[in-house]
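Heavy-atom basis, side chains included; hydrogens, waters and symmetry copies ignored.
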Amino acid sequence: MKIDATVWTMASLRFLSAAIELCAAIVMLSLNDVKKAIAVNTLLAVVGPTIFLVVMMIGLVAVANELSLFKLVWIGAGVICIFIGIYVVK
């Protein structure tokens, strides 16, 4: 079975994200300080959404010709709602 290049790229970015998360957890344990662990976690707050956006964009570009403009707008609205929920709503 041949894996699609786009799927391979998306999965690879997710593996990279998981590796970054694992390394961050190891760093937190090795630092053994709550304030430093919070600083490391803050960096992860940037990495996670960035990987999410990049993977979504790669996937959407790959299927853009199969989706109507209406569906792409709804997907974009959903992504915007996720970021509003993460960064705006308190």
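- When every heavy atom of Phe52 is checked against every heavy atom of Ile82, the shortest pair comes out as CZ-CD1, 3.8 Å.
- Contact annotation: the side chain of Leu67 approaches that of Ile75 to within less than 4.5 Å [non-hydrogen atoms, C-beta and beyond].
- Relative ring orientation between Phe70 and Trp74 is described as perpendicular, the plane-to-plane angle rising above 60° on a 0-90° scale split at 30° and 60°.
- Interatomic distance, Leu60 CG to Leu72 CG, rounded to the nearest 0.5 Å: 6.5 Å.
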Q: Test Leu53 against Thr50 for side chain to side chain contact (heavy atoms under 4.5 Å, CB included), laying out the working first.
A: CA-CA 5 Å; Leu53 272 180; Thr50 302; 5.9 Å; no

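- With rounding to the nearest 0.5 Å, the separation of SG in Cys23 from CG in Leu44 is 10.0 Å.
- Surrounding CZ of Phe15 are at most 12 heavy atoms belonging to other residues, nucleotides or ligands under 6.0 Å away.
- Val46 forms part of no hydrophobic cluster, judged by ILVMFWY side-chain heavy-atom separations under 4.5 Å.
- The structure places CG of Asp4 at 9.5 Å from CE of Met10, a figure rounded to the nearest 0.5 Å.
- Interatomic distance, Leu43 CG to Ile38 CD1, rounded to the nearest 0.5 Å: 12.5 Å.
- By the rule that hydrophobic residues join a cluster once side-chain heavy atoms approach within less than 4.5 Å of another member, Ile26 and Ile20 end up as members of separate clusters.
- Side chain of Ser17 to backbone of Leu13: no donor-acceptor contact under 3.5 angstrom is found.
- The shortest heavy-atom contact between Pro49 and Phe83 is CB-CE2, 3.4 Å.
- Cluster membership check: Val54 does not share its hydrophobic cluster with Met57, using side-chain heavy-atom separations under 4.5 Å among Ile, Leu, Val, Met, Phe, Trp and Tyr.
- Here Ile51 contributes atom CD1 and Glu21 contributes atom CD; the two are 9.5 Å apart, rounded to the nearest 0.5 Å.
- Atom-to-atom distance recorded for Met1:CE and Ile3:CD1 is 5.5 Å, nearest 0.5 angstrom.
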